[in-house]
Amino acid sequence: MEDNPGENRLIRNGLAALCQQLVWKEFPENINIYQQRFNTPRPALSQRPLRIGYVSECFISHSVGFLAWWLLKYHDRQQFDVRLYSLRERIYDPLQQAYKDEFGDRFYQECLSMVKMADKINEDEIDILVDLDSLTSYGNCAILALKPAPIQVSWLGYDATGFPTVDYFIADNYVLPESAQDYYIEKIWRLPENYIGIDGFAVGTPTINRESLDIPNDGIIYFSSQIGLKRNPHNIRLQMQIIKQVPNSYFLLKSFRSNHEDLQNFIAPLAEAEGLDLKCFRFLPTAPTEMEHRANLAIADIVLDTYPYNGATTTLETLWMGVPIVTRVGEQFAARNSYTMMMNVGVTEGIAWSDEEYVEWGVKLGKDEKLRQEIVWKLRKSRQTSPLWNGQKFAREMENAYQQMWQKYEERCTGL
């Protein structure tokens with residue numbers, strides 16, 4: 001999780017290149033077949049739609065599956081022949097079923113080896129293969145290493161893979177600094193506004209309130225709901241420094257799929273070392289549904305983000321619910337998700353560029369009720385104006401990127 005991409009990405013790139021060499025050595029016949037198909041001229045786009053394939057383990061109730069839904073839903077099916085290659089199946093999953101209903105026989109899901117799935121993608125003559133999982137899926141990485149499509153792109157997931165067979169990594173002008181191309185082997189393709197766009201979230205009924213948590217009406221509630229792997233003692237100590245400096249403040253914590261008692265056991269010695277009484281903490285169990293989780297977010301006055309692995313979907317949920325957030329901006333992709341999302345909703349209050357600023361913003365937002373109210377107003381207004389909450393507009397921007405990628409590919413092939 002270290003925020004040192006200048007060194008760590010070079011290591012990752014080297015490992016990915018080695019893995020690709022091993023894959024190509026193991027499956028030379030498949031690689032040759034793929035390359036032969038690439039060398040066969042394809043009809044011009046004036047005669048056919050551009051064929052886009054999406055590969056993922058997460059066409060299910062998962063953050064990636066949810067975030068990708070809006071782009072896939074709004075694709076122009078006249079100009080783009082969209083096909084989905086699912087690497088995971090659940091007996092019944094509502095989002096998986098929605099994908100099946102939406103795409104029919106273009107939702108391809110079978111228990112095949114990664115090589116067989118790559119064969120299928122190549123046989124389907126996919127023009128641009130879009131990987132949604134990146135380093136979070138060995139299956140995706142294996143398919144990308146085989147290079148079954150002439151253009152391969154990574155979007156979402158946890159950063160880029162580092163494989164030489166991946167041509168582009170989708171980003172924007174905030175989520176990666178200008179210097180990032182120095183240590184990415186993929187060409188960074190920056191979308192004009194944001195690298196993600198959705199229409200918003202469905203929200204359920206809250207199941208917690210101040211009375212049930214024994215928090216007074218004038219108490220200041222800080223909140224953190226990140227998955228356990230995003231937490232680290234240093235970041236937690238900074239959060240505790242904020243709590244210590246804001247009178248009558250409380251800290252609500254929970255971790256997705258983690259036992260709240262285990263979370264308490266992790267936090268307790270850190271709190272003791274910082275001189276904080278556990279009475280100001282509330283450890284919450286995981287909400288049974290995402291809609292309930294979002295509804296419960298409304299109890300928070302301020303959300304404290306994690307670093308060096310920021311929230312992504314959790315940040316989107318926080319902004320949608322109109323809750324101010326404090327985030328620490330770093331250098332790597334995972335440390336700039338909240339930054340780009342906040343910039344795209346027009347809120348700079350709470351963006352910190354150092355540990356000291358992180359604590360300062362946390363304290364300021366806790367003590368300044370008027371400032372919090374101003375941010376809440378901005379966030380509510382952004383629902384109607386921000387590109388972050390416009391899935392259809394985002395789909396057009398991604399489609400423009402695909403068309404430009406294909407044009408560049410054809411120019412290279414023809415030597416223009």
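Aromatic ring pairs are classed by plane angle as parallel below 30°, tilted from 30° to 60° and perpendicular above 60°; the pair F107 and F59 is perpendicular. Ring planes of W320 and W389: perpendicular class, angle over 60° (limits at 30 and 60°).
Between R12 and D159 there is a salt bridge, since a side-chain N of the basic residue sits under 4.0 Å from a carboxylate O of the acidic one. One finds a salt bridge joining D167 and K147 here, because a Lys/Arg side-chain nitrogen approaches an Asp/Glu carboxylate oxygen to under 4.0 Å. One finds a salt bridge joining D124 and K120 here, because a Lys/Arg side-chain nitrogen approaches an Asp/Glu carboxylate oxygen to under 4.0 Å. A salt bridge links E399 and R396; the closest N-O separation between the charged side-chain nitrogens and carboxylate oxygens is under 4.0 Å. A salt bridge links R77 to E102: at least one charged side-chain nitrogen sits closer than 4.0 Å to a carboxylate oxygen. The pair E360-K364 fails the salt-bridge criterion, with no side-chain N (NZ, NE, NH1 or NH2) lying under 4.0 Å from an Asp/Glu carboxylate O.
Interatomic distance, CD of Q79 versus CG of L50, reported as 9.5 Å (0.5 Å rounding). Once rounded to the nearest 0.5 Å, the distance linking CD1 of I52 with CD1 of I151 reads 8.0 Å. With values rounded to the nearest 0.5 angstrom, L72 atom CG is found 11.5 Å from W70 atom CH2. Distance CG/L304 to CE/M240: 11.5 Å, rounded to 0.5 Å.
A donor-acceptor pair under 3.5 Å is formed between the side chain of Q152 and the backbone N or O of L144. Remark: side-chain polar atoms of T161 are not paired, donor with acceptor, to backbone N or O of C141 under 3.5 angstrom. A donor-acceptor contact shorter than 3.5 Å is absent between the side chain of D199 and the backbone of N390.
With a 4.5 Å cut-off on side-chain heavy atoms, D131 and S56 do not count as touching. Put simply, the side chain of Q96 does not reach to within 4.5 Å of the side chain of S61, judged on heavy atoms. Q264 is not listed as a side-chain neighbour of L253, based on a closest heavy-atom distance of 4.5 Å or more. Here the side chains of Y250 and Y222 are not in contact, with every heavy-atom distance at 4.5 Å or above. Counting heavy atoms from C-beta on, the side chains of R336 and P177 come closer than 4.5 Å. Looking at heavy atoms from C-beta onward, M343 lies in side-chain contact with I351 at the 4.5 angstrom threshold. For the pair T318/L379, no side-chain contact is recorded, criterion being any heavy-atom separation below 4.5 Å from C-beta on. Annotation: side chain of E292 is not in contact with side chain of T205 (no heavy-atom distance under 4.5 Å).
Within the structure, side-chain hydrogen bond (donor to acceptor under 3.5 Å, both in side chains) contacts touching residues 15-30 (residues at least two apart or in different chains) are N30-D119.
Between the side chains of T306 and R231, no donor-acceptor pair is found at a separation under 3.5 Å. Side-chain contact of N209 with S212: a donor-acceptor pair under 3.5 Å is present, judged by distance alone. Judged purely by distance below 3.5 Å, without hydrogens or angles, the side chains of D101 and Q97 pair a donor atom with an acceptor atom. For the 3.5 Å distance criterion, the side chains of N4 and E331 fail to qualify, holding no donor opposite an acceptor. Between S255 and Q226, the side chains place no donor N or O within less than 3.5 Å of an acceptor N or O (distance only, hydrogens not considered). In the model, Q239 has a side-chain atom that pairs as donor or acceptor with a side-chain atom of Y358 under 3.5 Å. With hydrogens and angles left out, the side-chain atoms of E317 and H293 include a donor and acceptor closer than 3.5 Å. Remark: the R328 side chain and the S338 side chain contain no N/O donor-acceptor pair separated by less than 3.5 Å.
Between Y158 and Y309, the gap from one ring centroid to the other is short of 6.0 Å. A centroid separation of less than 6.0 Å is found between the aromatic rings of W69 and Y99. Ring to ring, W155 and F394 are close: their centroids are under 6.0 angstrom apart.
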Candidate pair T207 and N296, rule side-chain hydrogen bond (donor to acceptor under 3.5 Å, both in side chains), full reasoning | CA-CA 7 Å; T207 56; N296 287 341; 3.1 Å; yes
Do D127 and R42 pass the salt bridge (charged side-chain N to carboxylate O under 4.0 Å, His left out) test, and can you show the C-alpha distance, the side-chain angles, and the key distance before you say yes or no?
-> CA-CA 9 Å; D127 298 313; R42 302 187 182 192; 2.6 Å; yes
Run the numbers on Y54 and H75 for side-chain hydrogen bond (donor to acceptor under 3.5 Å, both in side chains), then give the verdict.
-> CA-CA 12 Å; Y54 292 87; H75 255 313; 2.7 Å; yes
Test log, rule salt bridge (charged side-chain N to carboxylate O under 4.0 Å, His left out), inputs K378 and E349 | CA-CA 11 Å; K378 285 183 181 181; E349 298 87 349; 2.9 Å; yes
Start with the C-alpha distance between H62 and D93, add both sets of side-chain angles, then the distance that settles side-chain hydrogen bond (donor to acceptor under 3.5 Å, both in side chains), and finish with yes or no.
-> CA-CA 10 Å; H62 182 280; D93 181 278; over 6 Å; no
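Remark: K254 is not positioned above the aromatic ring of F283, lacking an NZ or CZ atom under 6.0 angstrom from the ring centre and at most 45 degrees off the axis. Taking the centre and axis of the six-membered ring of Y184, the NZ or CZ atom of R9 falls inside the cone set by 45° and 6.0 Å. Annotation: cation-pi geometry not satisfied between K187 and Y168 (NZ/CZ under 6.0 angstrom from ring centroid, within 45° of ring axis).
Residues L95 and G65 share a closest heavy-atom pair of CD2-C, 3.6 Å.
Counting non-hydrogen atoms of neighbouring residues, nucleotides and ligands closer than 6.0 angstrom, the OH atom of Y174 reaches no more than 12 such neighbours.
With I126 as reference, I121 is the one residue of V55, D81, I121 to meet the side-chain contact (heavy atoms from CB on, under 4.5 Å) rule.
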